[in-house]
Amino acid sequence: MRILVTGGAGYIGSHTCVELLNEGHEVVVLDNLSNSSEVSLDRVKELTGKELDFCKGDIRDRDVLKKLFSEKPVDAVIHFAGLKAVGESVQKPWEYYENNISGTLILVDEMRKAGCKNIIFSSSSTVYGTPEKVPVTEQTPKGSCTNPYGWTKSMLEQILSDIQAADSEWNVILLRYFNPIGAHPSGRMGEDPNGIPNNLMPYITQVAVGKLERLGVFGDDYDTPDGTGVRDYIHVVDLAVGHVAALKKIEEKAGLKIYNLGTGTGYSVLDIVHAFEEATGQKIPYDIKPRRAGDIAENYADATLAKEELGWEAKYGIREMCQDSWRWQSQNPNGYKS
Ligand code: NAD
Ligand code: UD1
């Protein structure tokens, strides 16, 4: 199939491009490079030995989309493009709603005009808000989000579901990612955050490489086994493979489907610190800090549905996630800029 990958130069998108090319799909990436570097796509080509088409452009630009869809028919869109920094979204809500929601509305409008009605959308476990019980299944009610970023995911899920309900020619797969970490096992591709990382694993790897001094652990008084927050960390390559599985479902005329992509296992912040130290031999000094606003105690997936319906399950464990994150960070201390 020919797949348009929006946001394909980013962290999850670039890993997904590798898996798509390895499966024999044709890939065209549309990315405005607002949070990524084209070097990631050079690495995709290097690792797969295959070519892909790249268009530097914005999903909000109708002319670019029209050109892309008319040049060669696109069979399906995997839609990663969006802004994703939770804290920034609180400061810049308009920018987040405009980029993520207007961008998706324009993309979907140009898709239907071009007769391409297959989309896989990057959603997030954040749509569950503060779940009443864990693990969460896809039947767990969506909750109240704590920030505009989360609301864009929740609202876009609703918008895409309504579009599919109104026109059964659409196939819409909403993938709710848990906490992607790790990097390509080659050490050639990984997460390359701008500035000081907000998320746990990139913060840990930057402490390990000496760019940051100490990790702050946000709260040790949660109702969890060791008091620190529990999450479902998933290797980015497993996540990427999940998209290839979802594409097969699209080919079966899926209609509307929603899947959790997680491992089903929760690890606390201190579990991750210890797993990282064991897997890499690097010591991570840390201090206990106050809770971070908007954080929840615990969230992990019941990923049974993805296993049953997509034949997909996560293969990598926490040790590989830590080792691969570290290989990427230690070999590329300045990310794609080095
Ligand atoms: P990322 O920032 O690395 O990738 C997103 C890409 O989209 C970037 O390359 C950026 O340049 C591009 N982009 C942003 N706005 C664009 C626009 N208007 N037009 C064209 N390109 C644009 O992020 P990621 O971690 O790879 O996440 C990919 C998707 O998955 C995002 O939608 C994100 O919200 C979602 N998601 C990520 C996580 C996570 O923890 N990383 C968790 C859940 C969901
Ligand atoms: C966050 C976002 C979520 C988004 C996800 C992936 C919030 C409230 N949620 O999830 O919407 O989909 O990132 O991008 O921000 N931690 C520390 N010290 C740190 C960093 C994190 O102790 O320096 C802790 C957190 O308190 C949490 C865990 O580590 O318990 C994981 O944090 P993080 O990696 O930021 O992911 P989430 O908060 O789960």
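Counting starts at 1 for both ligands and their atoms, in listed order.
- Each of the atoms 30 (O) of ligand 2 lies under 4.0 Å from some heavy atom of G229.
- Closest protein heavy atom to atom 39 (C) of ligand 1: P180 CG, 3.5 Å.
- From the protein, the heavy atom lying nearest to atom 31 (C) of ligand 2 is Y233 OH, 3.3 Å.
- With a 4.0 Å cut-off on non-hydrogen atoms, F178 does not touch ligand 2 at all.
- Under 4.0 Å from ligand 1, the heavy atoms of L33 that appear belong solely to its backbone.
- Counting only heavy atoms of the protein, atom 12 (O) of ligand 2 lies nearest to S124 OG, 3.2 Å.
- For ligand 2, the polar-atom distance check finds an N/O of G216 within less than 3.5 Å of one of the ligand's N/O atoms.
- Using a 4.0 Å cut-off between a side-chain N of Lys or Arg and a carboxylate O of Asp or Glu, D63 and K66 do not qualify as a salt bridge.
- For the pair I59 and ligand 1, a heavy-atom separation below 4.0 Å is found.
- When heavy-atom distances to ligand 2 are checked against a 4.0 Å cut-off, N198 comes that close only through its backbone atoms N, CA, C and O.
- Considering backbone and side-chain N/O atoms, K84 comes within less than 3.5 Å of an N/O atom of ligand 1.
- Among all non-hydrogen protein atoms, the one lying nearest atom 38 (O) of ligand 2 is R292 NH2, 2.8 Å.
- A cation-pi arrangement is absent between R231 and Y267 under the rule of less than 6.0 angstrom and at most 45 degrees off the ring axis.
- The ligand atoms of ligand 2 that sit less than 4.0 angstrom from a heavy atom of G294 are 8 (C).
- Ligand 1 has no N or O atom lying under 3.5 Å from any N or O atom of L30, backbone or side chain.
- At a threshold of 4.0 Å, the pair K248-E251 does not count as salt-bridged, since none of the basic side-chain nitrogens sits closer than that to a carboxylate oxygen.
- Atom 35 (C) of ligand 1 has its closest protein heavy atom at S122 CB, 3.8 Å.
- Other residues, nucleotides and ligands place more than 12 heavy atoms under 6.0 Å from the CG atom of D287.
- Among N260, T137, N299, the one residue that satisfies the side-chain hydrogen bond (donor to acceptor under 3.5 Å, both in side chains) test with Y128 is N260.
- For S123, every heavy-atom contact with ligand 1 shorter than 4.0 Å involves the backbone, none the side chain.
- I119 has its side chain out of reach of N171: every pair of non-hydrogen atoms, C-beta onward, lies at least 4.5 Å apart.
- Between the side chain of N332 and the backbone N or O of G187 there is at least one donor-acceptor pair closer than 3.5 Å.
- Using a non-hydrogen distance threshold of 4.0 Å, K153 registers as a contact of ligand 1.
- Interface of D58 with ligand 1, defined as ligand atoms under 4.0 Å from a residue heavy atom, comprises 17 (C), 18 (N), 19 (N), 20 (C).
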Could you go step by step and tell me if K84 and E191 meet the salt bridge (charged side-chain N to carboxylate O under 4.0 Å, His left out) rule? CA-CA 13 Å; K84 64 158 188 178; E191 188 170 10; 3.8 Å; yes
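- Among protein heavy atoms, the minimum distance from atom 11 (O) of ligand 1 is reached at D31 OD1, 2.7 Å.
- Here the protein heavy atom with the shortest distance to atom 27 (C) of ligand 2 is R231 NH2, 3.7 Å.
- Residue contacts with ligand 1 do not include G103, since none of its heavy atoms lies under 4.0 Å from the ligand.
- The main-chain N or O of I106 is never found under 3.5 Å from a side-chain atom of D109 such that the two would form a donor-acceptor pair.
- The pair K72-E26 meets the salt-bridge criterion, with a side-chain N (NZ, NE, NH1 or NH2) lying under 4.0 Å from an Asp/Glu carboxylate O.
- Residue contact check for ligand 1: S125 places no non-hydrogen atom closer than 4.0 Å to it.
- Taking atom 6 (C) of ligand 2 as the reference point, the nearest protein heavy-atom neighbour is N199 ND2, 4.1 Å.
- Taking every heavy atom of V217 and a limit of under 4.0 angstrom, the matching atoms of ligand 2 come to 22 (O).
- Counting the atoms of ligand 2 from 1 in the order shown, those under 4.0 Å from a heavy atom of T126 are 11 (O).
- For H15 and F80, the ring centers sit 6.0 Å or farther from each other.
- A salt bridge is absent between K50 and E19: the closest approach of a Lys/Arg side-chain nitrogen to an acidic carboxylate oxygen does not fall below 4.0 angstrom.
- The protein heavy atom nearest to atom 26 (O) of ligand 2 is D295 OD2, 2.6 Å.
- Ligand 1 places these atoms under 4.0 Å from at least one heavy atom of R60: 18 (N).
- Ligand 2 has no N or O atom lying under 3.5 Å from any N or O atom of K84, backbone or side chain.
- With hydrogens and angles ignored, the 3.5 Å screen pairs a side-chain donor or acceptor of T224 with a backbone N or O of T228.
- Atom 28 (C) of ligand 1 has F80 O, 3.7 Å as its closest protein atom, hydrogens excluded (heavy atom only).
- Salt bridge absent: R319 and E278 never bring a charged side-chain N and a carboxylate O closer than 4.0 Å.
- Among protein heavy atoms, atom 33 (C) of ligand 1 sits closest to Y149 OH, 3.7 Å.
- When heavy-atom distances to ligand 2 are checked against a 4.0 Å cut-off, V269 comes that close only through its side chain, counted from C-beta outward.
- Ranking protein heavy atoms by distance to atom 19 (C) of ligand 2, first place goes to F218 CE1, 3.3 Å.
- Geometrically, ligand 1 and I12 share a nitrogen or oxygen pair separated by less than 3.5 Å.
- A salt bridge is defined here as a Lys NZ or Arg NE, NH1 or NH2 lying under 4.0 Å from an Asp or Glu carboxylate O, and R60 with E98 meets this definition.
- Taking the charged nitrogens against the carboxylate oxygens, R2 and D53 do have a contact shorter than 4.0 Å, which makes a salt bridge.
- Looking only at heavy atoms of the protein, atom 15 (N) of ligand 1 is closest to N99 ND2, 3.2 Å.
- On a distance-only criterion, S124 and ligand 1 share no N/O pair closer than 3.5 Å.
- Summary of contacts: the protein heavy atom closest to atom 4 (C) of ligand 2 is Y149 CE2, 4.2 Å.
- Among all protein heavy atoms, the one lying closest to atom 4 (O) of ligand 1 is G10 CA, 3.5 Å.
- Closest protein heavy atom to atom 22 (C) of ligand 1: N32 OD1, 3.2 Å.
- For ligand 2, the atoms lying closer than 4.0 Å to a non-hydrogen atom of N179 are 36 (O), 37 (P), 39 (O).
- The shortest N/O to N/O separation between A81 and ligand 1 does not fall below 3.5 Å.
- Here the side chains of I3 and V74 are not in contact, with every heavy-atom distance at 4.5 Å or above.
- Under the ring pair (Phe, Tyr, Trp, His ring centres under 6.0 Å) test applied with H243, the options W312, F121, Y177 reduce to a single match, Y177.
- When only interatomic distances are considered, the shortest N/O to N/O separation between V230 and ligand 2 does not fall below 3.5 Å.
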